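Labels below follow one simple rule: chain letters A, B, ... track the order of the sequence lines, proteins then strands, and each chain is numbered from 1. These numbers come from the heavy atoms of this one structure, side chains and all, not from hydrogens, waters or symmetry mates. Note that the structure is a prediction, hence the values are computed from the model and not measured.
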Protein chains: 2
Amino acid sequence: MVCKTEIQQPVAEEISLPKVLHALSDPVRMEIVLKIARAGEVACGAFDIPMPKSTLSHHFRVLRESGVVASRREGNELMNYLRSEDLEARFPGVLEAIIAAGKTSSIERG
Amino acid sequence: MVCKTEIQQPVAEEISLPKVLHALSDPVRMEIVLKIARAGEVACGAFDIPMPKSTLSHHFRVLRESGVVASRREGNELMNYLRSEDLEARFPGVLEAIIAAGKTSSIERG
DNA sequence: CAACTTGTTCGAGATTTATCGAACAACATA
DNA sequence: TATGTTGTTCGATAAATCTCGAACAAGTTG
């Protein structure tokens with residue numbers, strides 16, 4: 001599957017562990033990641049998070065710039081997916097364990 | 001072995017995933033965690049990190065309040081150790097995978 | 001082309017975090 | 001008791017982050 005519209009993202013070898021952990025340390029972003037993990041690919045608009053578009057877009061930016069999420073255009077919406085292979089190659093087991101932990105614990109600030 | 005002087009830390013069941021990830025998302029704190037992971041127990045003063053005591057103390061506080069690290073007094077120094085069992089029970093595989101990832105990748109800001 | 005949808009970018013304000021020096025507390029030892 | 005060691009707490013400042021509305025860009029559909 002070829003991605004037509006690539007957004008700014010780090011190449012696999014340059015994904016930074018602190019940045020990945022920071023990206024996942026926010027409850028909103030964790031919720032986004034969990035939903036993508038369940039559904040495989042999710043459009044930005046498919047999250048019923050009570051929050052302005054601009055704020056949500058900010059969180060997607062953090063997720064992309066950290067290397068956790070990638071996006072491709074499909075029509076006029078952006079489909080988001082996890083960079084599971086890149087992350088697994090660089091930090092084996094990390095994303096998997098964090099997602100499993102996120103599924104079993106309520107994600108709250110504090 | 002009994003800990004005589006307990007510092008403020010969350011009980012195991014109340015350890016928060018976002019807080020743990022945030023604690024580990026700082027390169028200085030990750031370096032601290034990696035050193036403790038290698039040595040088992042390390043006194044605060046045993047880190048040759050070019051940084052004032054107060055700043056280092058701040059990072060230890062974040063690590064303790066997140067539940068990643070616990071400390072006990074030994075003479076007039078504080079021995080720090082990872083709460084590996086508590087974290088493994090609550091978030092299986094997470095700390096282990098992150099430590100392994102930290103060992104194999106240079107921990108840098110950015 | 002005009003209207004609509006989806007999502008980003010651009011400011012700005014508010015909150016959080018990191019860093020540091022100085023003062024303080026606990027402990028050990030002379 | 002006085003001195004030295006270890007580490008914390010207390011301000012203050014600087015930097016990063018989160019949040020939001022308004023404007024913009026890309027794509028679709030009438």
Engineer: Distance check needed: D:dT8 P versus B:Glu77 CD, whole Å only.
Structural biologist: 12 Å
Engineer: Is there a side-chain contact between B:Leu82 and B:Leu87 in this structure, where contact means two heavy atoms from C-beta onward sitting under 4.5 Å apart?
Structural biologist: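 No, their side chains stay 4.5 Å or more apart.
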Engineer: Quick one, B:Phe60 and B:Ser71 - any side-chain contact, counting heavy atoms below 4.5 Å?
Structural biologist: no
Engineer: Whole-Å distance between C:dA18 P and B:Leu24 CG?
Structural biologist: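 Interatomic distance, CG of B:Leu24 to P of C:dA18: 12 Å.
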Engineer: Round to the nearest Å and state the distance from B:Leu56 atom CG to D:dT9 atom C1'.
Structural biologist: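 Interatomic distance, CG of B:Leu56 to C1' of D:dT9: 15 Å.
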Engineer: Report the residue (B:Val62 or A:Met79) whose heavy-atom-nearest nucleotide on DNA chain C is the more 5′ of the two.
Structural biologist: A:Met79
Engineer: What side-chain hydrogen bond (donor to acceptor under 3.5 Å, both in side chains) pairs are there with at least one residue in residues 43-58 of chain A, not counting sequence neighbours?
Structural biologist: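 Those involving residues 43-58 of chain A do not exist here.
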Engineer: Does A:Asn76 or B:Gly45 map to a spot on DNA chain D nearer the 5' end, using the closest nucleotide for each?
Structural biologist: B:Gly45
Engineer: Taking only side-chain nitrogens and oxygens of B:Arg29, does any of them come within less than 4.0 Å of OP1 or OP2 of C:dA18?
Structural biologist: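 For C:dA18, OP1/OP2 do have a side-chain N/O of B:Arg29 under 4.0 Å.
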Engineer: Are B:Arg64 and B:Leu78 packed together at the side-chain level, in the sense that at least one heavy-atom pair is separated by less than 4.5 angstrom?
Structural biologist: yes
Engineer: Output one line per pair: protein atom, nucleotide atom from nucleotides 20-24 of chain C, and distance, for all N/O pairs under 3.5 Å.
Structural biologist:
residue, atom, partner, partner atom, Å
C:dG21, N7, B:Ser54, OG, 3.1
C:dG21, O6, B:Ser54, OG, 3.1

Engineer: Please tell me if A:Arg61 has a side-chain N or O lying less than 4.0 Å from either OP1 or OP2 of C:dG7.
Structural biologist: no
Engineer: Within this structure, what is the CZ-to-P distance between A:Phe47 and C:dT8, rounded to whole angstrom?
Structural biologist: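 The distance from CZ of A:Phe47 to P of C:dT8 comes to 11 Å, rounded to the nearest Å.
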Engineer: Can you find a heavy atom in the side chain of A:Leu63 that is under 4.5 Å from one in the side chain of A:Val33?
Structural biologist: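 SC-SC contact between A:Leu63 and A:Val33 confirmed.
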Engineer: Test your reading of the model: is there a side-chain donor-acceptor pair from B:Arg83 to the backbone of B:Ala70, 3.5 Å cut-off?
Structural biologist: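 Absent.
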Engineer: Among residues two or more places apart or on two chains, list those pairs meeting salt bridge (Lys or Arg N to Asp or Glu O under 4.0 Å) that have a residue in residues 88-97 of chain B.
Structural biologist: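 Pairs touching residues 88-97 of chain B that pass the test: none.
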Engineer: Round to the nearest Å and state the distance from A:Leu78 atom CG to C:dT8 atom C1'.
Structural biologist: 9 Å
Engineer: Please confirm whether the shortest side-chain N or O distance from A:His22 to OP1 or OP2 of C:dT17 is below 4.0 Å.
Structural biologist: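 Checking A:His22 against C:dT17: no side-chain N or O falls below 4.0 Å of OP1 or OP2.
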Engineer: Report the distance from atom CZ of B:Phe60 to atom C1' of D:dG7, rounded to the nearest whole Å.
Structural biologist: 10 Å
Engineer: Report the distance from atom NE2 of A:His59 to atom P of C:dT9, rounded to the nearest whole Å.
Structural biologist: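 Nearest whole value for this atom pair: 15 Å.
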Engineer: Could you state the atom-to-atom distance from CZ of B:Arg73 to C1' of D:dT6 in whole Å?
Structural biologist: 7 Å
